Amino acid sequence: MSAEPSYLRKADWAEQHLMELSKRVLAFMAGEPYGVTDPIEGKHGRRTARLVFTGQPDSDIALMAGDVLYNLRTAFDYLVGSLVPPSERSKVLCPLLHEPVWDIPCTEGESTELTRNREKWESLTRRIKSDEAVEILKDLMPLDARTPLPTMHPLDLLNRLSNRDRHRQLSVIAWGLGDARAKVVMKGIGEIRPAQFQDFDFTYRGFRDGAEIPIDKNVAYVKLRGTPVVVMQVSDQWGNVLLSLGLRSILEWLRNEAISKLAPYSLST
């Protein structure tokens with residue numbers, strides 16, 4: 001039986017799944033699953049081509065991402081649970097707090113969510129034997145005051161995605177094309193030229209799936225190359241998270257912030 005604490009083993013297990021996920025994502029990207037449509041002429045004589053994705057990540061990638069999230073969230077729960085005596089661990093839950101409930105006095109008419117979070121927090125922290133560990137846990141919370149928009153705290157991101165995965169499969173899509181480079185083939189002799197599109201930035205507006213590419217009347221077609229951008233969709237508010245970079249950032253936060261700071265106060269595996 002391993003002598004390593006369970007939260008470390010879970011974090012390592014998450015990394016193994018993440019490595020396999022990264023290989024699948026890279027294999028999809030290497031297949032260059034995109035193209036450019038033939039030019040068409042629209043209203044007012046405006047000619048455009050369009051970036052289109054000819055394939056999307058298979059559903060196994062979303063399932064593998066869910067496995068990574070499950071292990072990351074479990075590792076955090078194991079870590080927090082290890083701060084409490086074993087006989088009392090089944091009685092506590094660690095809320096993810098966006099406001100410092102420990103500094104907010106109980107008042108009549110306060111929201112149910114605030115009351116519930118305060119009760120969970122107090123039930124947990126009164127069983128933790130170290131005041132230092134409680135202060136560290138406070139610092140790890142994704143408080144709104146510390147995480148201004150549009151940044152998303154790793155723990156908050158982990159919670160949102162893992163909750164979503166419990167109820168339905170994660171949405172993983174090829175969002176667009178990064179590091180896009182374009183050339184045009186001219187009509188007639190087929191001369192290939194570097195693309196020069198007025199007011200069109202391929203590093204920003206031009207790389208999303210379905211983006212229109214304005215072209216001159218003398219252009220036969222467009223050649224486009226770049227790196228597919230694969231994302232997990234979070235929400236309308238938070239947008240998308242890069243695969244596999246987003247999951248890697250959560251793992252690094254778990255190890256470098258949560259585990260490294262709380263492990264000295266762990267009572268047992």
Side-chain angles (χ1 to χ4, degrees), residues 1-18 65-104 106 111-147 151-167 234 238 241 246-269:
M1 184 175 181
S2 174
E4 274 197 326
S6 57
Y7 51 82
L8 289 180
R9 297 199 302 274
K10 270 295 183 182
D12 290 345
W13 195 237
E15 184 169 33
Q16 290 186 43
H17 283 278
L18 182 55
D67 290 340
V68 176
L69 288 164
Y70 172 80
N71 286 292
L72 289 171
R73 182 55 200 262
T74 304
F76 181 76
D77 290 340
Y78 284 178
L79 174 65
V80 175
S82 76
L83 304 175
V84 175
S87 62
E88 300 182 65
R89 289 176 188 171
S90 63
K91 304 174 184 177
V92 298
L93 291 172
C94 181
L96 268 64
L97 303 175
H98 291 91
E99 52 187 346
V101 297
W102 51 86
D103 287 335
I104 302 175
C106 182
S111 70
T112 303
E113 182 181 9
L114 175 58
T115 302
R116 182 170 59 249
N117 282 338
R118 186 189 294 108
E119 290 172 350
K120 289 180 181 178
W121 177 258
E122 291 176 352
S123 177
L124 170 65
T125 55
R126 70 170 175 262
R127 291 178 166 88
I128 296 176
K129 305 306 179 183
S130 168
D131 292 338
E132 291 85 355
V134 172
E135 292 303 312
I136 292 169
L137 199 54
K138 289 179 182 179
D139 289 338
L140 294 176
M141 288 294 108
L143 302 184
D144 290 339
R146 299 177 188 151
T147 315
T151 304
M152 198 171 189
H153 191 284
L155 188 55
D156 202 16
L157 178 60
L158 173 60
N159 190 54
R160 288 174 184 270
L161 288 173
S162 59
N163 283 342
R164 172 168 294 188
D165 186 61
R166 289 189 187 101
H167 297 94
V234 182
W238 297 108
V241 177
L247 295 178
R248 172 64 64 179
S249 68
I250 297 173
L251 175 61
E252 290 177 352
W253 176 88
L254 178 66
R255 284 175 167 164
N256 299 333
E257 293 296 321
I259 292 177
S260 67
K261 294 177 180 179
L262 287 176
Y265 306 98
S266 175
L267 299 181
S268 71
T269 59

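Note that this is a predicted model, so its numbers are computed, not measured.
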Going through the checks in order, is the side chain to side chain contact (heavy atoms under 4.5 Å, CB included) test met by Arg248 and Glu252? CA-CA 6 Å; Arg248 172 64 64 179; Glu252 290 177 352; 3.6 Å; yes
Under the 3.5 angstrom rule, does the side chain of Asn163 hit a backbone N or O of Asn159 as a donor-acceptor pair?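 Indeed, once roles are kept as given, a pair shorter than 3.5 Å links the two residues.
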Just so I know, are the side chains of Met141 and Leu155 near enough to count as touching, which here means a heavy-atom distance under 4.5 Å?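 Yes, close enough: below the 4.5 Å cut-off.
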Determine whether Val134 and Trp121 make a side-chain contact, defined as any pair of heavy atoms from C-beta on separated by less than 4.5 Å.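 Touching, per the 4.5 Å side-chain cut-off.
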Please determine whether salt bridge (charged side-chain N to carboxylate O under 4.0 Å, His left out) holds for the pair Asp12 and Arg255, giving the CA-CA distance in whole Å, both sets of side-chain angles, and the decisive distance to 0.1 Å. CA-CA 10 Å; Asp12 290 345; Arg255 284 175 167 164; 2.9 Å; yes
Search all heavy atoms of Leu254 against all heavy atoms of Ala75 and return the closest pair with its distance.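 Reported closest heavy-atom pair: CD2-CB, 3.7 Å.
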Rounded to the nearest 0.5 angstrom, the CG-CD distance for Asn117 and Glu119 is 9.5 Å
For the pair His153 and Trp253, name the ring-plane relationship: parallel under 30°, tilted 30 to 60°, perpendicular over 60°. perpendicular
Quick check on Tyr265: does its OH atom have over 12 non-hydrogen neighbours (other residues, nucleotides or ligands) under 6.0 Å away? yes
Using distance alone, with no hydrogens and no angle criterion, decide if Ser111 and Glu113 have a side-chain donor and acceptor under 3.5 Å apart.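 Judged by distance alone, the side chains do not pair up.
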State, without any angle test, whether His98 and Asp156 hold a side-chain donor-acceptor pair at a distance under 3.5 Å.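 Side chains of His98 and Asp156: pair found under 3.5 Å.
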Are side-chain heavy atoms of Arg146 and Asp139 found at a separation under 4.5 Å?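 Yes, side chains in contact.
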Would you find more than 12 non-hydrogen atoms of other residues, nucleotides or ligands less than 6.0 Å from Glu88 atom CD?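 Yes, CD of Glu88 has more than 12 neighbouring heavy atoms, counting only those of other groups under 6.0 Å.
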List the steps and the verdict of side chain to side chain contact (heavy atoms under 4.5 Å, CB included) for Ile128 and Val84. CA-CA 5 Å; Ile128 296 176; Val84 175; 4.0 Å; yes
Return the CG to NZ distance between Leu143 and Lys138, rounded to the nearest 0.5 Å.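 Reported value, rounded in 0.5 Å steps: 10.5 Å.
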So, does Arg164 use its side chain to make a donor-acceptor pair with the main chain of Val234 at under 3.5 Å? yes
